[in-house]
Number of protein chains: 2
Amino acid sequence: MTEQQRRPTLMDVARAAGVSRALVSIVMRGAAGASEPTRQKVLEAARELGYRPDSRARLLRSSRTKLLGLSFSSSQPFHAEIVDAAYAAASKKGYEIVLSAVANGRPETRAIEALLDFGSEALILISPTLSSQEMARYASQVPVVSLLRNDVGELVDSVSSDDHAGIRIAVDHLTTLGHRRIVHVDGGTAVSAAQRREAFRTEMIRHGLEPVTVPGGPNEEDGLRAGQSLTGDVPSAVIAFNDRAALGVIESLRATGLQVPRDVSVLGYDDSQFARLSYVQLSSISQDAPLLAAAAVDRAVDRIEGTQPPAHLVRTPHLVLRKTTGHPAPQMQP
Amino acid sequence: MTEQQRRPTLMDVARAAGVSRALVSIVMRGAAGASEPTRQKVLEAARELGYRPDSRARLLRSSRTKLLGLSFSSSQPFHAEIVDAAYAAASKKGYEIVLSAVANGRPETRAIEALLDFGSEALILISPTLSSQEMARYASQVPVVSLLRNDVGELVDSVSSDDHAGIRIAVDHLTTLGHRRIVHVDGGTAVSAAQRREAFRTEMIRHGLEPVTVPGGPNEEDGLRAGQSLTGDVPSAVIAFNDRAALGVIESLRATGLQVPRDVSVLGYDDSQFARLSYVQLSSISQDAPLLAAAAVDRAVDRIEGTQPPAHLVRTPHLVLRKTTGHPAPQMQP
DNA sequence: TGGAGCGACTAGAACGATCTAGTCGCAAAC
DNA sequence: GTTTGCGACTAGATCGTTCTAGTCGCTCCA
């Protein structure tokens, strides 16, 4: 086993190239102050030795780490999409992302402390569940950006999606198709559920329609149960809290012999991978993960590099039309 | 903005407690060599100042980092389950996990180098796509454990699931129920697909049955297509490459008016979150993510702390019985 | 009485980088 | 011919820890 070969340091490269450590440092981080010939010579020596700068030492010395800490929940597919996009956005800005998952038996505070220990210059927290006070405490150390949640107090940035606008788009879409009897299967106690429920009420009333809401939740089981509760008085369209609940609703309709969208239109929320499945083809309200991620990264970097105060950014979602919404079935009027 | 308050260091705590830096260091890492009264005094001072050790400095100085690097793919829900379990397993062993995602436009090598830069003492790679040579190169620097893939050469550890055994369990289960006409919807070019295909052939022949395989793939669309190709000659049971493909197969059967499991039994593979959904209730072969994760972490730690050579660990999967498999429908024999 | 042994504590050198404050030539300016 | 300025390069301090090699005071035992 040749495992114990110490990795080369600046000193080794310097010796090999016949210059000082400081000069190698200058070359390695592309700073000014080295002639082109020596620069090449140093680079060559570094390549030959397989030198890679030790980030710990580098970070220890320079106050800058160019690291953005990102906490996400390992059980949320939608978070994964954001992580994906955040990497791209960060590297475009010259930053690295360091991840920490909120998992079973690993609370959010633990994830955050790990990020701080690595020297993150800012934190991006996806759907944080901390109280505003706790977040403020972290915000006194580094800029904190809350993603997908905006009631986070004055000291924390937030990038979120306009729930009211999303529901408005949903209601407008369905009424334009001719639907009048629209039901909202809500998200129960989930984050954003209250906002969407309230928005639904407002928008339905605006259209002169009766806002009927049935209790639901954030996943398939909840949607299934909610759908079953509708069987006595089936509406012509359903707006679900999210895509997973929508799938449950569709399943329950199917079980009673109803077809989507022929008999009932169903609209999801999130435009997640589930919605895109070819056999589902769920029409959905998209929050656009890549856009949200990029916005959060931009905010974080701006806060790090600038002196601006925290801001609350709200993005407007949009409709992704697939195959679960259509004109209502012709039907007797009471 | 009170943002620029330097975080307290060992020195600050030492001054506050009236002792030397070294002693504070001893207390903070719980080492021997401090009396109980001073230990309390130091701890108190640290708590008061809100001291948190700077991991970069700590890691720089001590050769040990107690860090395990874990690379995963952000688009694979099954990987998320492993990440979850790995955190638990690592902290039980006194190690921390540092994550790096393989994402769109972020190749595996990039993810790995990030892990090394953070000072990972070992790498755990989930379903790595690197060549054996490339992995060997990394293995010369730190122990590398490949998870879910075992053809990785002599220098790399692997922890994988016994595909042959999994398929054997599947075939045995179905034949025991009385099925004779069993079809395998394979995984196409996906990792492990060839092994499972071959195992299916062997096992069916062992039972004196004809091994019929139809081309599939790793997700719903593939299953759907494969299912549609069966309509001329519907088997009594299907073993899908994985759960997502199984979902597609079920969908295609439904579309032709067939019921699961009354008319056709369908068995998935992975026992993923999809399989567990209440409206799916898919019987499946479980690879047991928590167990695999724990095994990988254990291997990594053993390699770091011991002098053992790399090993290839294989775990036997097991059947998780739900509601998509049952006795075959009574049927005319030709 | 004079070590030996031990527990509690400390000074100062690492670790591997960056940063500050230079030195050293050399050409242009006066 | 001295001064000035500038580009190229370097020595040494520094970041916040851990580690090594002590010192100091005390007890125990021959």
Side-chain angles (χ1 to χ4, degrees), chain A residues 4-43 45-46 49-67 96 113 116-121 141, chain B residues 4-43 45-46 49-67 94 96 116-121 141:
Chain A
Q4 217 41 276
Q5 50 190 341
R6 197 176 49 80
R7 70 189 250 179
T9 74
L10 266 194
M11 194 59 208
D12 300 317
V13 179
R15 245 193 300 264
V19 296
S20 71
R21 275 172 317 147
L23 189 56
V24 177
S25 171
I26 287 170
V27 172
M28 292 317 290
R29 67 198 136 95
S35 69
E36 199 45 37
T38 30
R39 195 174 285 273
Q40 289 309 324
K41 189 174 60 180
V42 168
L43 248 28
L49 290 174
Y51 170 77
R52 310 205 68 226
D54 180 334
S55 67
R56 292 160 299 166
R58 156 178 292 180
L59 301 187
L60 173 58
R61 175 59 227 205
S62 62
S63 41
R64 302 301 314 277
T65 66
K66 291 269 187 177
L67 237 43
E96 257 288 334
E113 315 240 287
L116 290 175
D117 284 348
F118 278 120
S120 303
E121 292 190 58
Q141 300 176 50
Chain B
Q4 218 40 277
Q5 51 190 345
R6 195 177 50 80
R7 72 190 245 178
T9 74
L10 268 193
M11 194 58 206
D12 299 319
V13 179
R15 246 193 300 263
V19 296
S20 70
R21 275 170 317 146
L23 188 57
V24 178
S25 171
I26 286 171
V27 172
M28 292 319 288
R29 68 198 134 96
S35 69
E36 198 46 39
T38 30
R39 194 174 287 273
Q40 290 310 325
K41 188 175 59 182
V42 168
L43 248 27
L49 291 173
Y51 170 75
R52 308 205 68 225
D54 181 332
S55 70
R56 294 161 297 169
R58 157 176 292 180
L59 302 187
L60 172 59
R61 173 58 226 203
S62 61
S63 40
R64 304 299 315 277
T65 65
K66 292 271 188 172
L67 238 42
E96 257 287 334
L116 289 175
D117 284 350
F118 278 120
S120 303
E121 292 189 59
Q141 300 176 50

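Chain letters run A, B, ... following the sequence lines, proteins first, then strands; residues in each count from 1.
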(request) Inspect the contact between B/Lys66 and B/Glu96 and indicate whether a charged nitrogen and a carboxylate oxygen are less than 4.0 angstrom apart. (result)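 No salt bridge links B/Glu96 with B/Lys66.
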
Atom [atom1] of [X] to atom [atom2] of [N]: distance rounded to whole Å?
{"X": "A/Asp117", "N": "D/dT17", "atom1": "CG", "atom2": "P", "value": "11 Å"}
{"X": "B/Arg7", "N": "D/dG16", "atom1": "CZ", "atom2": "C1'", "value": "10 Å"}
{"X": "A/Leu60", "N": "C/dA14", "atom1": "CG", "atom2": "P", "value": "17 Å"}
{"X": "B/Leu59", "N": "C/dA17", "atom1": "CG", "atom2": "C1'", "value": "14 Å"}
{"X": "B/Arg39", "N": "C/dC9", "atom1": "CZ", "atom2": "C1'", "value": "13 Å"}
{"X": "A/Arg58", "N": "D/dG16", "atom1": "CZ", "atom2": "P", "value": "18 Å"}
{"X": "B/Arg52", "N": "D/dT17", "atom1": "CZ", "atom2": "P", "value": "11 Å"}
{"X": "B/Met28", "N": "D/dT18", "atom1": "CE", "atom2": "P", "value": "9 Å"}

(request) Would you mind classifying the nucleic acid contact of B/Thr38 as base, sugar-phosphate or nothing, using non-hydrogen atoms under 4.0 angstrom? (result)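 If one applies the 4.0 Å heavy-atom cut-off, B/Thr38 turns out to touch the sugar-phosphate alone, with no base involved.
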
(request) Would you classify A/Ser25 as touching base, sugar-phosphate or nothing, given that sugar-phosphate means primed atoms plus P, OP1 and OP2, and contacts are heavy atoms under 4.0 Å? (result)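 Contact class for A/Ser25: base.
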
(request) Compare all side-chain heavy atoms of A/Asp54 with those of A/Thr9 and state whether any distance is below 4.5 angstrom. (result)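 No. Closest side-chain heavy atoms not under 4.5 Å.
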
(request) Would you check if A/Leu59 and A/Leu67 make a side-chain contact, meaning some heavy-atom pair closer than 4.5 Å? (result)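 Yes - at least one pair of side-chain heavy atoms lies under 4.5 Å apart.
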
N/O contacts under 3.5 Å, protein versus nucleotides 10-13 of chain D?
unit_1: D/dT10; atom_1: OP2; unit_2: A/Ser20; atom_2: N; d: 2.9
unit_1: D/dT10; atom_1: OP2; unit_2: A/Ser20; atom_2: OG; d: 2.8
unit_1: D/dG12; atom_1: N7; unit_2: A/Arg21; atom_2: NH2; d: 3.2

(request) Indicate whether OP1 or OP2 belonging to C/dC15 is found under 4.0 Å from a side-chain N or O atom of A/Arg56. (result)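 Answer no for this pair, as no side-chain N or O of A/Arg56 is under 4.0 Å from OP1 or OP2.
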
(request) Taking only the side-chain nitrogens and oxygens of B/Ser35, find out if one of them lies under 4.0 Å from OP1 or OP2 of C/dG7. (result)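 B/Ser35 to C/dG7 OP1/OP2: no side-chain N or O under 4.0 Å.
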
Atom of [X], atom of [Y] and distance for their closest heavy-atom approach:
{"X": "A/Arg56", "Y": "B/Thr65", "result": "NH1-CG2, 3.4 Å"}
{"X": "A/Arg52", "Y": "A/Arg7", "result": "O-NH2, 3.2 Å"}
{"X": "B/Val27", "Y": "B/Ala34", "result": "CG2-CB, 4.0 Å"}
{"X": "A/Val24", "Y": "A/Val19", "result": "CG2-CG2, 3.7 Å"}

(message) Pick the closest DNA chain C nucleotide for B/Ala57 and for B/Ala34 by heavy atoms, then say which residue is nearer the 5' end.
(response)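 It is B/Ala34 whose nearest nucleotide is closer to the 5' end.
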
